[in-house]
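So you know, we letter chains A, B, ... as the sequences are listed, proteins then strands, and number each from 1. This is a predicted model, so every value here is computed, not measured.
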Amino acid sequence: VSPTRRDALKFGLLAGAAAAFPVERAAASLPQWFLEQPVQSPRIPFFAVPLRIPPVLRPTSTVGSADVYDITQRVARVPIVPGLPPTTVWGFNGLLPGPTIVQRQGRDVRVRQHNALSVPLSTHLHGGDVPATSDGHPLDLVQPGRTKEYFYPGLHPAASLWYHDHAVHDTGRNVYMGLAANYLITDAAERALHLPGGPFDVSSRFDIPLTLQDRFFLPDGSIVYPRHDALRPLEQGVFGDVILVNGTPRPFLRVARRKYRFRILNGSNARVYRLRLSTGEPLVVIQSDGGLMPHPVPTGDLVIAESERYNVVIDFSRYKVGTSVILQNVMEEVPGDPFDPAFTRSVMRFDVVADAADRSVVPRDLVPVPSDIRPDKAVVRRTFEFARNGGEWTINHKPYDPDRIDAFPKLGTNEIWTFINGGGGWWHPIHVHLIEFLVLSRTRRAVQPYERGPKDTVLLKSKETVSVAMQWDHFTGLYVMHCHNVEHEDFDMMLNIKVVR
Amino acid sequence: MAVSALPSATRSDLRPRPSVLLPMTVRVTAVCSLFGAEAIHTAVISEHINEWLPIGLFFVGLSVTEGVLAVALITKPSRGVIRLVLGVSLGTVALWLYTRTAGLPIGPMAGHVEEVGRLDLVCSLLELLTAIVLLPPVLRTTSNRSLAR
């Protein structure tokens, strides 16, 4: 019997219903598939551009014991990728990274930040021992066209800090667009060590900041902070496939056969690096986030998370003239990184080109860890769990609430804080404002010898628990603690701390 | 239009086809198994699209085919439909066995032997069940036709 029109209609309806679900699944998956296709910045050759060193900013004036600096946060077009048009950045004085400020312990610094951008900004001195009003709290915003003077007293010992934007919910975008720079502090104890670079000479050819940032470039040479939407949420962090060192893509540096001090800052939004020399020779760590190490720590691999700083000495006198040494990033996989690790494996190349005299030393003893941090005198223990809950980044199951204060440490007291990674496979570099801490313990993997110096950021890998000890010193007021994967921070993995008397 | 005016092949298409009498239990089992296999294949479409687009599209096609064949088994279980169901089910089981023993020869995971998972095992068992319940009626019909000649 031939099928009737009614039979055909019935079959068509039922078959359509049976096919609808798979087709719907495919339709829902394909846009994501298109987004997840490996994309790549335009071809940028490795080691074709000489390393740029950010200029050291000169004070505008000196008032009493304070040096006064003026900085304008503004849009600029800077040449980054050879052969492509200049890249639009938001920079301190229009630079990527911004100008380096050098402070001498005992001398105060006042920085007048003028916001010439079209968005509100807040400048945080990362690692700074500064009053709450100058800390750059995420809600202490400077509106477009306004200026704020930040006061940085000369309390801090020698260290490599950095200043960057910290505007609530927009730190990721603002830092990605360029608002980050080095802030170096020197002191008498450091000068007495005769480390490479010479006494009080952080701008010398032998003492060089290396600010690592990863960016993704469009074919016209521009960088665009991705839009947050349901298909491509940014919570996991924003990555790039080109590593910039001091704003230079995959650069080279000509060096002499002598020791160099490199001040490495991971200024990336979400990328964690594992640095190694291609020759297998050690990187000698002499300084961590908050100051000099008690002793130099030679290490084959150096893991440096977002916002961590390590100063390392590389002795190029081991190599013959003509040798090239590549600083590699051998981190296999960072959670959320969409790029092939091959793109980010080579950071920069050192070309040994000349002989040189070298009177610098790396003494066996550097500077003892701060004696005021006394875990044995801890009066309060606090525990913070960092996790993803209900689609939000949370600390102790709560997203950031500007009206809530989660800790009231007392001025002058010691505390022990325990950070727990609540799982999900994510990594969280935890940063506490105002203070330095000592890392006491870590589960699942050992505290690395180079993490034994004063720190203000510690990496919490998947399922790890880390305990740190700190003393709440110098200032009362409102500060914050947060994850320094800046997209985690922007999406509320942050809390308020109020230091009280 | 008169039937005699059509080419012979078309004329033969219009003749009633020999149908297979499927017991209700066989029909229900086969339809449910096919829909079950379709649901499982549908559930892994996203995963396979992200893995390799061609394999994802293959799963879309397979799911749609199984769904449409299940509907055809309900509305018009002709011998052709049953043979198609048998071919698709046994072919998919064979392909599954191949990927679990030798690995697909193409794609980003070429030569990689996949592990047997709970979901794919259930799916293959459903397809095998479909074939097992449909095979006897088809064989019976074929043998009857042979005897009639």
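Here the side chain of A:Asn421 pairs no donor or acceptor atom with the backbone of A:Glu464 at under 3.5 angstrom. Panel note: side chain A:Arg274, backbone A:Asp301; no donor-acceptor pair is recorded below 3.5 Å.
Heavy atoms of B:Phe59 lying under 4.5 Å from chain A are absent altogether. For B:Ser46, the parts sitting under 4.5 Å from any heavy atom of chain A are the backbone and the side chain alike. If you measure heavy-atom distances from B:Ala70 to chain A, you find no contacts under 4.5 Å at all.
The candidate from A:Ala18, A:Gly16, A:Pro22, A:Ala26 with the greatest count of non-hydrogen atom pairs under 4.5 Å with chain B is A:Pro22. Across B:Thr65, B:Leu57, B:Thr42, the residue that shares the most heavy-atom pairs under 4.5 angstrom with chain A is B:Thr42.
Counted within 6.0 Å of CZ on A:Arg6, heavy atoms from surrounding residues, nucleotides or ligands total 12 or fewer; the atom is thus considered open.
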Dump the intermediate steps for side chain to side chain donor-acceptor pair (under 3.5 Å) on A:His169 and A:Asp492, then the final yes or no. CA-CA 8 Å; A:His169 294 155; A:Asp492 291 335; 2.9 Å; yes
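Annotation: A:Tyr176 is in aromatic contact with A:Tyr225 [ring centroid separation under 6.0 Å].
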